[in-house]
J.: 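To start, I am sharing the structure in question, which I have written as structure tokens.
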There are 2 protein chains.
Amino acid sequence: MGRVKLAIKRIENNTNRHVTFSKRRNGLIKKAYELSVLCDIDIALLMFSPSRRLCPFSGRHGVEDVLLRYLNMSDNDRGEPIQNREYLISMLQRLKRESDMATQLANPGALNEKIEEIQKEIYACQQQLQISEERLRYKPRPAPFSTLFVRSRP
Amino acid sequence: MGRVKLAIKRIENNTNRHVTFSKRRNGLIKKAYELSVLCDIDIALLMFSPSRRLCPFSGRHGVEDVLLRYLNMSDNDRGEPIQNREYLISMLQRLKRESDMATQLANPGALNEKIEEIQKEIYACQQQLQISEERLRYKPRPAPFSTLFVRSRP
DNA sequence: TTACCTATATATAACGC
DNA sequence: TGCGTTATATATAGGTA
């Protein structure tokens, strides 16, 4: 898109490469943002600029949350097994604790909002699951998940 | 882009939301791919579809590699959790004496662990849900990735 | 790097199968 | 759901300040 059709291969000119990165990075983040809002989904985007700087983006749920969701999937659903999974998870949890603490400091009420948000997710998930299992009733169910979240209730 | 200018807010119609996701997901991945090649950078993109399916993309280096690079940055370079952590922590400790959030803040670790635990349950529930919905679907395969970039080739 | 300015190249919303 | 078509909306290459 531009005065000329650009071939998709590494831009050798140093300045042009940096400039193009700046422009397209913004475009990509905008698109990611729009997708996350329009479709109400979790998304995380990590980029390292040509000058090695981190350019992160995530929707409603923070990079750490999305990465944890990724790591907590079964290897099967994720597609590939992760090597240092446990280590990665603990690292991410540390980061998340730190940023959560910062958030809590800045806005003590955020904690309660967080809890409410999570509970909403649980309810929504439970309802969906119930509906889905309802329709599958005539088939053998994998596992009784409906009893999993009793402890989570207020 | 389209016959009508679309407001950036959650698409409530279920079908439209899914359709829009499919289209924009492909567009976003294509853009991410082009950026990674043109600017020769590391990039990782994780999306969870409205039906909770993982849609991953990464350039030359695989999601796990990018994740590691992210985690291996210094807290400072990563930027997010806040640079003056020492200050915030001491601030936190003082606050816990004064506010009625005291009990919760006194042991943020325990609370966060609780939250992590609950989130794991959510992940598990979502996966279970995906499996159930999978069975209710006709075409379980995600978009054929290999067809995405045909036009980009010289 | 960043901002703004076109001319073009792309993406995509609504529709039809 | 998945595709192709078409009319519009956007993104952006190249240039300039």
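Reminder, nothing fancy here: chain letters follow the sequence lines and each chain counts from 1.
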J.: Just how far, in rounded Å, is P of dA11(D) from CG of L35(B)?
T.: 15 Å

J.: Using a strict cut-off of less than 4.0 Å between a Lys/Arg side-chain nitrogen and an Asp/Glu carboxylate oxygen, indicate whether D75(B) and R94(A) qualify as a salt bridge.
T.: yes

J.: Rounded to the nearest angstrom, tell me the gap between atom OH in Y33(A) and atom P in dA11(D).
T.: 13 Å

J.: Salt-bridged, E116(B) to K96(A), with N to O below 4.0 Å?
T.: no

J.: Looking only at atom C1', what distance separates dT1(C) and dT16(D), rounded to whole Å?
T.: 15 Å

J.: Name the residue closer to the 5' end of DNA chain D, choosing between R24(A) and M1(B) according to the nucleotide with the nearest heavy atom.
T.: M1(B)

J.: For the helix from dT2(C)-dA17(D) to dC17(C)-dG2(D), what angle separates the axis at the start from the axis at the finish, each from five pairs, in steps of 10°?
T.: 40°

J.: Pair D40(A), R17(B) - check salt bridge (Lys or Arg N to Asp or Glu O under 4.0 Å), show working.
T.: CA-CA 9 Å; D40(A) 195 22; R17(B) 191 169 63 258; 5.8 Å; no

J.: Could you check whether R78(A) makes a cation-pi contact with Y70(A), meaning its NZ or CZ is under 6.0 Å from the centre of the six-membered ring and within 45° of the ring axis?
T.: yes

J.: Hydrogens and angles aside, do Q130(B) and D77(A) bring a side-chain donor and acceptor to less than 3.5 Å of each other?
T.: no

J.: Rounding to a whole Å, what distance do you find between I11(B):CD1 and dT12(C):P?
T.: 12 Å

J.: Excluding sequence neighbours, so at least two apart, what forms side chain to side chain contact (heavy atoms under 4.5 Å, CB included) with L68(B)?
T.: L88(A), N72(B)

J.: What integer distance in Å separates N26(B):CG from dT12(C):C1'?
T.: 12 Å

J.: Using a heavy-atom cut-off of 4.0 Å across all strands, would you classify S51(A) as base, sugar-phosphate, or nothing?
T.: sugar-phosphate

J.: Using heavy atoms to find the nearest nucleotide of DNA chain C for H18(A) and G2(B) separately, return the residue whose nucleotide is more 5′.
T.: H18(A)

J.: Rounded to whole Å, how long is the line connecting atom NZ of K30(B) with atom C1' of dT10(C)?
T.: 7 Å

J.: Which whole-number value in Å describes the distance from I29(B) CD1 to dT10(C) P?
T.: 19 Å

J.: Indicate if M1(B) and L35(A) have the same hydrophobic cluster label, given that clusters are the connected sets of ILVMFWY residues with side-chain heavy-atom separations under 4.5 angstrom.
T.: no

J.: Both conditions, 6.0 Å and 45 degrees, for the charged tip of R53(A) above the ring of F48(A): are they met here?
T.: no

J.: Under 3.5 Å, is there a donor on one side chain and an acceptor on the other for Q119(B) and H61(A)?
T.: no

J.: Measure from CD on E34(B) to P on dA11(C) and round the result to the nearest Å.
T.: 6 Å

J.: Quick one: is S22(B) getting a side-chain N or O under 4.0 Å of the dG2(D) phosphate, OP1 or OP2?
T.: yes

J.: Give me, pair by pair, the N or O atoms of the protein and of nucleotides 14-17 of chain D that are less than 3.5 Å apart, along with how far apart they are.
T.:
{"unit_1": "dG14(D)", "atom_1": "N7", "unit_2": "K23(A)", "atom_2": "NZ", "d": "3.3"}
{"unit_1": "dG14(D)", "atom_1": "O6", "unit_2": "K23(A)", "atom_2": "NZ", "d": "2.9"}

J.: To the nearest angstrom, how far is R25(A) atom CZ from dA11(D) atom P?
T.: 15 Å

